[in-house]
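Shown next, in C-alpha cells, is the structure this report addresses.
The first residue of the sequence shown is numbered 1, and numbering continues consecutively from there.
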Amino acid sequence: MAAEDIGLADPQALRLCIAARDTVEFLGSPEGDLALAQAVVYLALAPKSNSVYVAWKTALNAVREGESLPIPLHLRNAPTALMRQQGYGRGYAYYFDDPEGSFRQDYLPDGVQLDLYAPIGEGWEARVTDRWRKLRDAHGDGESAGT
C-alpha cells in the first residue's frame, strides 16, 4: 500500500513500513506489534497517489507493445576508440555539469514520445507537481525529458 497507493504523496510511508517490519523482526511481539499498529494508522491517514504506479504500468506496456529501438548515441558508453568515432557518448549532458540540469537532452530514441508520470498534487506530490511544472516551463513541454 505504501508504494502502490500512497507513493510520492508521502514518500516516508514506505520507510515507516520497512522500519515497522524491522522492529517486529528485531523485538518480536508484543513490542513489535505497536510498530505495525503505528504503520497501519500512518498508512490509513496518509495522502494517496498512484501516479508512480500508473506511470510504471504505462512504461511497461509501452516497452512490451512497442518495437525495439536503439538507445540514442549520446547516451551510449564509449569505452573504445571505434565507439567514440561512431559518435557514442558525443553530446551527452552530465547532470551536474549542465546548467540546464540535463533536461534539454533526449533520453528516448528518435521519434518516441512518452508522457508517463503525471503527479496529481496530493500531499508531498504537490512539491513534485510544482517542480514538474517549472521544468516543463523552462524546457518545453517535457518532450525531450523522456517523461
Side-chain angles (χ1 to χ4, degrees), residues 1-79 87-147:
M1 179 179 180
E4 183 177 337
D5 299 323
I6 294 171
L8 287 180
D10 187 345
Q12 296 303 317
L14 186 57
R15 286 183 174 175
L16 183 83
C17 289
I18 291 169
R21 184 225 35 211
D22 290 348
T23 301
V24 170
E25 188 175 304
F26 186 72
L27 296 178
S29 187
E31 292 83 359
D33 297 346
L34 293 174
L36 290 176
Q38 180 181 349
V40 167
V41 171
Y42 190 94
L43 294 177
L45 297 174
K48 312 294 189 280
S49 172
N50 70 347
S51 298
V52 171
Y53 173 76
V54 170
W56 177 251
K57 296 294 277 185
T58 303
L60 287 177
N61 286 333
V63 170
R64 286 185 186 120
E65 296 170 8
E67 60 182 292
S68 181
L69 297 171
I71 295 170
L73 285 177
H74 66 277
L75 296 178
R76 296 185 195 184
N77 191 20
Y88 285 38
R90 186 178 304 133
Y92 174 73
Y94 179 61
Y95 184 88
F96 297 103
D97 292 339
D98 182 10
E100 295 288 325
S102 296
F103 288 102
R104 63 182 169 83
Q105 75 183 348
D106 291 326
Y107 290 93
L108 297 172
D110 288 340
V112 175
Q113 293 280 70
L114 285 177
D115 211 11
L116 300 174
Y117 179 62
I120 62 171
E122 186 69 26
W124 187 82
E125 207 172 43
R127 292 178 62 193
V128 174
T129 302
D130 185 48
R131 176 156 169 76
W132 195 250
R133 192 173 297 117
K134 286 178 183 174
L135 289 171
R136 286 182 165 219
D137 290 348
H139 305 289
D141 63 2
E143 62 194 52
S144 66
T147 58

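Remark: the Glu122 side chain and the Ser49 side chain contain no N/O donor-acceptor pair separated by less than 3.5 Å. If you check the side chains of Tyr53 and Asp5, you find no donor sitting under 3.5 Å from an acceptor.
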Are Thr129 and Ile120 close enough, and set up right, to give a side chain to side chain contact (heavy atoms under 4.5 Å, CB included), and what steps lead you there?
-> CA-CA 7 Å; Thr129 302; Ile120 62 171; over 6 Å; no
Mind running side chain to side chain contact (heavy atoms under 4.5 Å, CB included) on Gln12 and Trp124 for me, showing each step along the way?
-> CA-CA 10 Å; Gln12 296 303 317; Trp124 187 82; over 6 Å; no
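Side-chain contact check for Thr58 versus Tyr117: every heavy-atom pair is 4.5 Å or farther apart. You'll find the side chain of Cys17 reaches within 4.5 Å of the side chain of Leu43, heavy atoms only. Under the 4.5 Å side-chain criterion, counting only non-hydrogen atoms from C-beta, Arg21 is not in contact with Leu36. Contact check for Trp56 versus Leu116: no side-chain heavy atoms found under the 4.5 Å cut-off. A heavy-atom distance below 4.5 Å is not found between the side chains of Lys48 and Glu125.
Closest of all the heavy-atom pairs between Ala46 and Asp10 is CB-OD2, 4.1 Å. In plain terms, the two heavy atoms of Leu27 and Gly32 that are nearest each other are CB-N, 4.4 Å.
Atom CD1 of Ile6 sits about 4.5 Å away from atom CE of Met1, to the nearest 0.5 Å. To the nearest 0.5 Å, the span separating CG on Asp137 from CH2 on Trp132 amounts to 12.5 Å. Taking OG1 of Thr23 as the reference point, atom CG of Leu16 lies at 8.5 Å (rounded to 0.5 Å).
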Solution key, residues 61-77 side-chain donor-acceptor pairs under 3.5 Å, sequence neighbours excluded:
residue: Asn61; atom: ND2; partner: Lys57; partner atom: O; Å: 3.3
residue: His74; atom: NE2; partner: Asp106; partner atom: O; Å: 2.6
residue: Arg76; atom: NE; partner: Ile71; partner atom: O; Å: 2.7
residue: Arg76; atom: NH1; partner: Tyr88; partner atom: OH; Å: 3.1
residue: Arg76; atom: NH2; partner: Ile71; partner atom: O; Å: 2.8

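Salt-bridge annotation for Asp130 and Lys134: present, with a side-chain N of the basic residue lying under 4.0 Å from a carboxylate O of the acidic one.
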